[in-house]
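We name chains A, B, ... by the order of the sequence lines, and we start the count at 1 in each one. All values below come from the heavy atoms of this structure, side chains included, with hydrogens, waters and symmetry mates left out. It should be emphasised that the depicted structure is a prediction, and the values quoted were computed from it without experimental measurement.
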2 protein chains.
Amino acid sequence: MRNAEFDREQVLRAAMNAFLHKGYAKTSMQALTKATGLHPGSIYCAFENKRGLLLASLEQYKQDRNDEFQQFFIQERPVLDSLKAYIDNIVTECNSCDTAKACLLTKSLSELAEQDESIKIFISEVLEQWQQSLSAKFEQAKKLGELTTTKDSKHLARYLVMGIYGLRTFAHTHPQSAVIQQLADQLYEDLCRE
Amino acid sequence: MRNAEFDREQVLRAAMNAFLHKGYAKTSMQALTKATGLHPGSIYCAFENKRGLLLASLEQYKQDRNDEFQQFFIQERPVLDSLKAYIDNIVTECNSCDTAKACLLTKSLSELAEQDESIKIFISEVLEQWQQSLSAKFEQAKKLGELTTTKDSKHLARYLVMGIYGLRTFAHTHPQSAVIQQLADQLYEDLCRE
DNA sequence: GAGTATCTTGAACGAACATTCAAGAACTAA
DNA sequence: TTAGTTCTTGAATGTTCGTTCAAGATACTC
């Protein structure tokens with residue numbers, strides 16, 4: 001017996017960054033061996049092929065994003081304050097370097113949805129879960145009396161998700177602009193209105 | 001002397017569809033020769049290379065989209081009615097086949113922004129012009145008393161653009177869903193409020 | 001410490017890629 | 001009809017791609 005030598009999470013984060021940077025098609029195996037420090041054989045042994053490495057990276061990305069999400073709502077403060085902090089964090093991402101302003105899930109979805117049905121389904125499910133988490137937070141805010149609106153929590157969550165998608169795309173044409181924060185503020189305001 | 005035989009617009013629309021369908025990297029020259037009906041030599045003679053064909057396609061896409069935009073506002077009716085019809089048309093696109101729900105500009109931006117600065121600049125400028133056209137319509141609606149809001153027209157245009165970006169991404173995970181229309185309606189409502 | 005199972009290594013593979021170019025076809029002008 | 005110019009054709013090119021696999025290295029078991 002003998003265990004693999006590499007750190008799986010470390011490898012997957014390196015692959016994540018590579019895919020985020022160049023997209024799936026343009027990220028060559030050569031680039032992936034360089035980024036991960038693994039030789040081709042090891043990658044194929046551990047992840048079957050390039051597609052498998054993307055799937056594993058998406059899975060890791062999902063977990064990382066999930067953990068991050070939980071962190072924002074773990075603190076003792078109004079739910080809406082946590083939500084605002086969560087949105088503002090996304091704004092910060094949008095105003096940072098090119099790699100961070102994109103979301104690996106939506107980027108991969110856009111590139112591969114038409115070519116790979118099962119990847120499309122996987123990503124759609126992850127995004128749906130995220131939406132449901134947000135919906136639960138809106139519901140919580142309503143129950144605690146923080147939020148007074150007649151609108152359905154699920155609708156609010158969808159609207160926020162749509163806004164965040166839009167924000168990220170918008171950021172591509174507006175590097176480090178105060179406009180992103182302005183739009184995010186407007187979005188938050190519209191969500192919490194009446 | 002002798003003129004080229006092919007119809008440039010027809011060729012560019014075929015290329016546009018190919019790029020929209022598979023993305024730039026995954027659209028091979030072989031696929032492009034098939035889609036356009038042109039032989040490699042003709043493409044390289046007319047557009048220099050694959051990248052040149054994309055640029056020409058983007059230019060054509062810009063013109064087509066511009067013409068389409070103007071059509072919505074040429075009719076004699078309240079500006080806001082035209083705007084609503086314009087948004088609803090996008091909803092229809094989002095609910096149609098996979099190829100139509102994406103925008104070639106944002107799709108190419110997402111794929112190539114980090115690798116090709118001049119393509120990024122070109123696309124950013126086209127999107128900025130679109131935003132300004134929308135801004136002008138909001139301004140017009142204000143002047144005509146259709147819209148009563150304290151908000152800056154440019155801000156409204158940015159918010160709408162963000163919403164449309166988000167709508168298109170959202171549509172990728174929700175094929176032919178009533179939810180898209182619901183979100184668009186909410187977006188329009190938020191824009192025209194107070 | 002010998003034997004064995006597993007992991008690592010990286011050169012080698014065929015396939016697919018963007019691009020080229022010389023030969024052939026077609027149109028124009030005289 | 002002919003000469004000249006331009007466009008079309010598609011096989012060939014060199015490169016890069018994802019993937020394989022046999023040889024070597026390493027750790028565990030008994």
Novice: Could you list by number each residue of residues 42-50 of chain A showing a heavy-atom separation from DNA chain D of less than 4.0 Å, or answer none if no residue does?
Specialist: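 Those residues are A:Y44, A:N49, A:K50.
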
Novice: Tell me, with the steps shown, if A:D190 and A:R193 meet salt bridge (charged side-chain N to carboxylate O under 4.0 Å, His left out).
Specialist: CA-CA 5 Å; A:D190 285 345; A:R193 205 193 299 262; 2.5 Å; yes

Novice: Is there a side-chain contact between A:F138 and A:K151 (heavy atoms, below 4.5 Å)?
Specialist: no

Novice: Give a yes or no on whether a salt bridge exists between A:K84 and A:D88, defined as a side-chain N under 4.0 angstrom from a carboxylate O.
Specialist: yes

Novice: Can you give me the closest heavy-atom contact between B:L134 and B:L83, atom names plus distance?
Specialist: CD2-CD1, 4.0 Å

Novice: Please figure out whether A:Y24 or A:G41 has its closest DNA chain D nucleotide nearer the 5' end.
Specialist: A:Y24

Novice: For B:Y24, does the six-membered ring have the charged nitrogen or CZ of B:K107 within the cation-pi criterion, i.e. under 6.0 angstrom from the centroid and within 45° of the normal?
Specialist: no

Novice: Using whole Å, report how far CZ of A:F6 lies from P of D:dT26.
Specialist: 17 Å

Novice: Mind running a 4.0 Å heavy-atom check of residues 25-40 of chain A against DNA chain C and sending the residues that fall below it, in number order?
Specialist: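 DNA chain C contact set from residues 25-40 of chain A: A:H39, A:P40.
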
Novice: For the hydrophobic clusters of this structure (ILVMFWY residues joined by side-chain heavy atoms under 4.5 Å, transitively), does one cluster hold both A:L144 and A:L80?
Specialist: yes

Novice: D:dG18 P sits how many Å from A:K22 NZ, rounded?
Specialist: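 In whole Å, D:dG18 P and A:K22 NZ are 11 Å from each other.
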
Novice: Specify the separation, in whole Å, of atom CG of A:L54 and atom C1' of D:dG18.
Specialist: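 One finds 15 Å between C1' of D:dG18 and CG of A:L54, rounded.
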
Novice: For A:E93, which residues count as a salt bridge (Lys or Arg N to Asp or Glu O under 4.0 Å) partner, sequence neighbours excluded?
Specialist: A:R65, A:R168

Novice: When you compare the side chain of B:Q131 with that of B:M162, does any pair of heavy atoms fall below 4.5 Å?
Specialist: no

